[in-house]
Amino acid sequence: MIYLSAPHLTGEEQPYLQQVFESNWITSAGHCIDLLEQRFQEKLSVPYAVALNSGTSAIHLGLKGLGIGAGDTVISPTFTFVASANPIVYQQATPIFVDSEPLTWNLDPVYLEEAIKTSIKKGKKPKAIVVVYLYGQPAQMERIQAIAEHYDIPILEDAAEALGSSWQQQKLGGLGDVGVISLNGNKIITASGGGILLTKEEAIAQKVKFWATQAREPVPYYQHTTIGYNYSMSNVLAAIACGQMEVLEDRVTKRRSIFQYYQKHLKEIAGIHFWEEPTGYFSNRWLSCILLSKDIKCKPEQLIQSLWEAGIEARRLWKPMHLQPLYNAYPYFGEQVAEDLFERGLCLPSSSSLTEAQLDYIIEQIRTNIKK
Ligand SMILES: *Cc1c(COP(=O)(O)O)cnc(C)c1O
């Protein structure tokens, strides 16, 4: 089976793991956690990084760090994975969903502003804007940042899929008030599971560390004055991530070359569309995605099924949140851009471990099945 996005070990993990086992620091503190946080601070040029047990935990504590609580509203793109919206509800706040724009597939600045204005008219300004960089593609940050500044609303970047991507030479994950990276097994590099929270504010970093370790007060006995979580990263997993960080650039280069290979060999087929990278936008091409024209007979679901039968895993794009039974009663600002992407799009196998022979096989299978 050729998978969509498989973990890709390098061998660089082993020396770090060896050190961790020899030191016996195999739980929630240790050298590799410190090292990993330091590497992220350097790589993304952000003063503070906190290693946590998942990207989802990082979004949760990031929102909490921005002061989101019961009764607040938070803007989220509708076109995303559910893990960017759920933490809003963990904090007993209400998500307001906003459509994508067709250039980047990410948050539409026009509907973002409309959502903010409407909320203000109703007497409640949104407390945060969650910006997601789907499949590694930067959002229209110039316009989004201008809106966030104008209305004085903080930005939480869900850069879970976008480690190694940049916008106007600035690394994604380091642009917002809080940034989040996921190190889950399917992402561009992995800790096997984990997340990194990035922030310019020392106070947020300190609070996040405190909440992530059961909010235990710094006294000689177990003293608690506020609710906490068990969200910290294990030193064993941090060791894996330290090894993976050494090959991040290679992984980005490889994923980008996979996208180019698909584009080169499939772009002349009528009905298949590729997603361009605007000038100044640099995507890690975490997943290579295509859109099928409405006027061809083959639908994404059929193509996915035929590929599956040929031993190839492909998937639909994210199903918009405002179409989910979980979230369809929440406010939504937009048209059908995200819905159209969901109807027409699919993600192709994009693992950095793919060989050229495997890519040729996938391309041949797409050519054959699209004509059926
Ligand atoms: C993977 C992902 C997350 C969640 O990260 P985990 O580490 O799996 O918890 C959040 N948002 C998006 C957009 C993701 O793709």
Side-chain angles (χ1 to χ4, degrees), residues 3-7 36 40 49-64 74-91 95 97-98 100 104-107 128-139 144 155-165 172-173 175-176 178-198 208 212 229-234 237-238 240-241 244-245 251 255 283-289 315-322 324 326-327 338 341-342 345-347 350-351:
Y3 292 105
L4 192 73
S5 184
L36 184 66
F40 267 93
V50 184
L52 298 169
N53 64 358
S54 74
T56 312
S57 321
I59 297 170
H60 182 192
L61 295 189
L63 289 170
K64 194 170 155 76
V74 175
I75 300 210
S76 160
T78 189
F79 193 46
T80 187
F81 178 46
V82 75
S84 34
N86 284 344
I88 300 170
V89 180
Y90 299 168
Q91 281 305 100
F97 296 109
V98 169
S100 300
T104 73
W105 299 5
N106 293 313
L107 200 62
I129 301 167
V130 176
V131 179
V132 188
Y133 307 122
L134 285 182
Y135 310 110
Q137 176 90 296
I144 294 170
I155 290 178
L156 183 143
E157 293 177 274
D158 176 351
E161 303 175 0
L163 178 59
S165 298
L172 301 189
L175 298 175
V178 170
V180 170
I181 300 289
S182 167
L183 297 173
N184 192 34
N186 63 346
K187 298 295 179 352
I188 191 150
I189 61 164
T190 183
S192 81
I196 306 287
L197 179 140
L198 300 138
V208 166
Y229 303 86
N230 184 3
Y231 276 181
S232 56
M233 183 185 278
S234 142
L237 304 193
I240 299 174
Q244 293 261 300
M245 278 299 268
R251 297 297 189 252
R255 297 237 181 194
S283 169
N284 66 7
R285 296 287 188 195
W286 171 55
L287 294 183
S288 290
C289 304
R315 289 210 194 156
R316 298 279 293 272
L317 302 186
W318 302 122
K319 181 172 177 177
M321 291 303 114
H322 74 281
Q324 301 283 355
L326 176 63
Y327 285 126
L341 293 168
F342 172 61
L346 65 156
C347 314
S350 307
S351 307

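Counting starts at 1 for both ligands and their atoms, in listed order. Please read all numbers here as calculations on a predicted model, not as lab measurements. Index from 1, following the sequence.
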Under 3.5 Å: N/O of [X] near N/O of ligand 1:
X    : result
S182 : yes
G55  : yes
W318 : no
E161 : yes

Run the numbers for me: atoms of ligand 1, each under 4.0 Å from some heavy atom of [X], listed by number.
X    : value
A83  : 3 (C), 4 (C), 10 (C)
G194 : 7 (O)
A160 : 2 (C), 3 (C), 10 (C), 11 (N), 12 (C), 14 (C)
S54  : 7 (O), 9 (O)

Test of ring centre spacing under 6.0 Å for Y90 and H60 =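 Distance test on ring centres: under 6.0 Å, yes.
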For this output row, return yes or no: ring centroids of F342 and F79 closer than 6.0 angstrom.
->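 No - the distance between ring centres of F342 and F79 does not fall below the 6.0 Å cut-off.
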With a 4.0 Å cut-off on heavy atoms, is S57 touching ligand 1?
->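 No; S57 lies far enough from ligand 1 that no heavy-atom distance drops under 4.0 Å.
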What part of V132, side chain from CB on, backbone N/CA/C/O, both or neither, has a heavy atom under 4.0 Å from ligand 1?
->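 The answer is the side chain.
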To the nearest 0.1 Å, how far is atom 1 (C) of ligand 1 from its closest protein heavy atom, and which atom is that?
->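 Going by distance alone, atom 1 (C) of ligand 1 is nearest to K187 NZ, 1.6 Å.
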Taking atom 9 (O) of ligand 1 as the reference point, the nearest protein heavy atom with its distance |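 Protein heavy atom at minimum distance: T56 OG1, 2.5 Å.
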Say you draw a straight line from CG of L172 to CD of E161; how long is it, rounded to the nearest 0.5 Å?
->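 One finds 11.5 Å between CG of L172 and CD of E161.
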For the atom pair OH (Y133) and CG (N106), what is the distance rounded to the nearest 0.5 Å?
-> 8.5 Å
Give me the atom names and distance for the closest heavy-atom approach of [X] to [Y].
X    : Y    : result
V208 : L52  : CG1-CD1, 4.1 Å
V178 : G62  : CG1-CA, 3.9 Å
A139 : I144 : CB-CD1, 3.9 Å

Quick one: which of D158, N184, V180 has a heavy atom closest to atom 11 (N) of ligand 1?
->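 It is D158 that holds the nearest heavy atom.
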Describe, in one word, how the ring planes of W105 and Y135 are oriented to each other, choosing from parallel (under 30°), tilted (30 to 60°) and perpendicular (over 60°).
->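 Geometry flag for Y135 against W105: perpendicular rings.
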In S283, S5, S350, the residue satisfying side-chain hydrogen bond (donor to acceptor under 3.5 Å, both in side chains) with R255 is S5
